[in-house]
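Inspection log for the structure reproduced underneath, given as structure tokens.
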There are 2 protein chains.
Amino acid sequence: MVTSEKPASRPQSLCFNVYAKDCPTRMVLDRLGDKWALLVLDRLQNDVVRFNALKRDIHGISQKVLSQVLKNLERDGLILRTAYPTVPVTVEYSLKPLGTTLIEAVSSLTHWAETHMSEIQAAQHLYDASKA
Amino acid sequence: MVTSEKPASRPQSLCFNVYAKDCPTRMVLDRLGDKWALLVLDRLQNDVVRFNALKRDIHGISQKVLSQVLKNLERDGLILRTAYPTVPVTVEYSLKPLGTTLIEAVSSLTHWAETHMSEIQAAQHLYDASKA
DNA sequence: GATACGTGGTTTCTTTTTGATACCAACGCT
DNA sequence: AGCGTTGGTATCAAAAAGAAACCACGTATC
């Protein structure tokens with residue numbers, strides 16, 4: 001296998017190991033471990049969305065970062081970019097089948113964030129109080 | 001139609017919205033949307049692990065970033081830091097109950113990365129070839 | 001007919017974050 | 001004496017993110 005000696009209690013049958021520096025899965029996790037990519041994928045879950053609509057919906061993302069994220073996701077085969085030669089060009093982004101298989105995992109993350117927010121905040125206040 | 005109203009097809013019953021810039025869930029997603037945090041949580045899934053063991057297992061993480069990530073995860077109430085006053089101090093990190101509820105989602109992400117790696121790589125090669 | 005706005009980006013510059021390295025104190029091993 | 005180990009912090013250079021301007025092209029407004 002990729003690494004040296006079983007640092008993790010993880011099925012050995014798999015050829016990839018996320019803990020290994022050179023493992024390609026790391027590159028995937030680099031991309032997925034990015035809040036903007038997560039938000040974009042989540043936003044595309046049920047809709048076909050245009051560039052500026054994404055920019056408007058995902059508050060705080062810059063045009064530069066959005067175009068980078070979209071380019072990477074497209075390269076990974078997760079999303080589809082479709083450009084229509086209308087007058088101001090129209091570009092639509094949608095999930096490809098591979099992206100659809102991923103969205104479930106992503107969705108559970110964003111859902112977790114929304115449902116467990118209050119517990120996190122409580123823990124943070126406790127922590128901060130204990131440090132002060 | 002494209003714009004402002006109904007940015008997301010998301011249940012309105014929830015008080016939080018990840019797409020909103022000021023929503024606290026964003027802070028959670030900032031933390032979770034971090035490859036290192038994802039890897040640390042995944043590594044702690046079944047084991048209690050010490051600082052330097054984490055550093056050794058997660059290839060490529062720097063000491064500084066690891067300590068930052070751990071501090072944040074501890075503040076969020078996701079992991080527990082236990083220090084024993086042994087001669088060189090011993091520090092153990094383990095999942096707290098709140099972290100355990102999260103690990104399933106994280107785990108499915110890392111698992112997805114490992115199982116769909118080959119498809120990603122194929123898509124990347126196709127993309128790169130089409131650009132060249 | 002000039003001005004402003006919308007399209008989907010790229011370019012430039014500044015600021016923030018990351019990563020690499022060194023350092024720390026107290027002790028064990030050789 | 002010199003090196004390694006513990007779990008970190010301090011420092012500085014490199015990389016990434018964010019803010020803003022710019023682009024061509026067309027349409028609606030004044």
Side-chain angles (χ1 to χ4, degrees), chain A residues 19-22 26-27 29-40 43-44 47-75 79-94 127 131, chain B residues 1-5 7 19-22 26-27 29-40 43-44 47-75 79-94 127 131:
Chain A
Y19 298 123
K21 183 175 50 190
D22 301 326
R26 264 295 184 78
M27 299 195 300
L29 212 62
D30 285 4
R31 185 122 332 125
L32 266 41
D34 170 15
K35 60 169 178 175
W36 296 126
L38 255 39
L39 283 170
V40 167
R43 182 65 190 85
L44 291 178
D47 307 296
V48 173
V49 191
R50 292 168 58 177
F51 184 90
N52 278 331
L54 281 171
K55 181 167 164 286
R56 272 187 299 265
D57 291 348
I58 302 174
H59 297 331
I61 196 169
S62 73
Q63 242 168 346
K64 188 185 69 171
V65 173
L66 178 57
S67 67
Q68 283 174 350
V69 167
L70 288 170
K71 210 174 293 181
N72 286 332
L73 290 176
E74 188 197 358
R75 187 171 106 97
I79 66 173
L80 178 69
R81 179 186 187 274
T82 316
Y84 300 99
T86 54
V87 189
V89 63
T90 301
V91 181
E92 283 183 348
Y93 291 94
S94 58
Y127 181 92
K131 294 293 173 182
Chain B
M1 39 178 155
V2 158
T3 60
S4 35
E5 17 255 328
Y19 298 122
K21 184 175 49 191
D22 301 326
R26 265 295 185 80
M27 300 196 299
L29 211 62
D30 285 3
R31 185 121 332 126
L32 266 42
D34 171 16
K35 61 169 177 173
W36 297 126
L38 254 39
L39 282 170
V40 167
R43 183 63 190 85
L44 291 178
D47 308 296
V48 173
V49 190
R50 292 168 58 177
F51 184 89
N52 279 329
L54 281 171
K55 181 166 163 288
R56 270 188 298 267
D57 291 349
I58 302 173
H59 298 331
I61 195 169
S62 72
Q63 242 168 348
K64 189 184 71 173
V65 172
L66 178 57
S67 68
Q68 284 174 349
V69 167
L70 288 171
K71 210 176 291 180
N72 286 333
L73 291 176
E74 187 196 358
R75 186 171 106 97
I79 66 173
L80 178 68
R81 178 187 186 274
T82 316
Y84 301 98
T86 53
V87 186
V89 63
T90 301
V91 180
E92 284 181 350
Y93 291 94
S94 58
Y127 181 93
K131 294 294 173 181

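Every chain is numbered from 1 and lettered A, B, ... according to where its sequence line falls, protein lines coming before strand lines.
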Assign each of A:Asp34 and B:Val91 to its nearest nucleotide of DNA chain D by heavy atoms, then name whichever residue's nucleotide is nearer the 5' end.
B:Val91
Between the side chains of A:Asp22 and A:Arg26, is the shortest nitrogen-to-carboxylate-oxygen separation below 4.0 Å, so that they form an ion pair?
no
Nearest-nucleotide comparison on DNA chain C, the residue closer to the 5′ end among A:Gln68 and B:Gly60
A:Gln68
Identify which nucleotide among D:dT6, C:dG8, C:dA20 has an atom closest to any side-chain atom of B:Lys64, counting heavy atoms from C-beta outward.
C:dA20
In whole Å, what is the span from the CZ atom of B:Phe51 to the P atom of D:dG7?
7 Å
On DNA chain D, check which nucleotide each of A:Ile61 and B:Glu92 is closest to and give me the residue with the more 5' one.
B:Glu92
Could you state the CG-P distance from B:Leu54 to D:dG8, rounded to the nearest angstrom?
11 Å
Taking OP1 and OP2 of C:dT7, is either one under 4.0 Å from a side-chain nitrogen or oxygen of A:Thr86?
no
Assign B:Tyr84 to base, sugar-phosphate, or nothing according to its heavy-atom contacts below 4.0 angstrom with the strands shown.
nothing
Using whole Å, what does the distance between atom P of nucleotide D:dA17 and atom CG of A:Asp30 come to?
11 Å
Nearest listed nucleotide, side chain of A:Trp36, among C:dT7, C:dA22, D:dG18
D:dG18
Measure the spacing between CG of B:Leu80 and CD of B:Glu92 and express it to the nearest 0.5 Å.
9.5 Å
Nearest whole Å is fine: how far is D:dA17 C1' from A:Lys71 NZ?
16 Å
Short side-chain N/O contact to C:dT10 OP1/OP2 from A:Ser67, under 4.0 Å
yes
Donor-acceptor under 3.5 Å (B:Tyr19 side chain, A:Arg43 main chain)
yes
What contact category does A:Lys55 fall into here, base, sugar-phosphate, or nothing, at under 4.0 angstrom with non-hydrogen atoms?
nothing
The reported gap from NZ in B:Lys71 to NZ in A:Lys131 (rounded to nearest 0.5 angstrom) is 8.0 Å
Rounding to a whole Å, what distance do you find between B:Ile79:CD1 and D:dG7:P?
14 Å
Among C:dG19, D:dG18, C:dG8, which nucleotide sits nearest the side chain of A:Gln63?
C:dG8
Using 0.5 Å steps for rounding, measure from the CG atom of A:Leu54 to the CH2 atom of A:Trp36.
12.0 Å
Can you tell me if the side-chain N/O atoms of B:Arg56 get under 4.0 Å from OP1 or OP2 in D:dT5?
no
For B:Asn52 and D:dG8, give me the distance from atom CG to atom P, rounded to whole Å.
9 Å
Nearest-nucleotide pick for B:Arg50, side chain only, options being D:dG18, D:dG8, D:dG7:
D:dG7
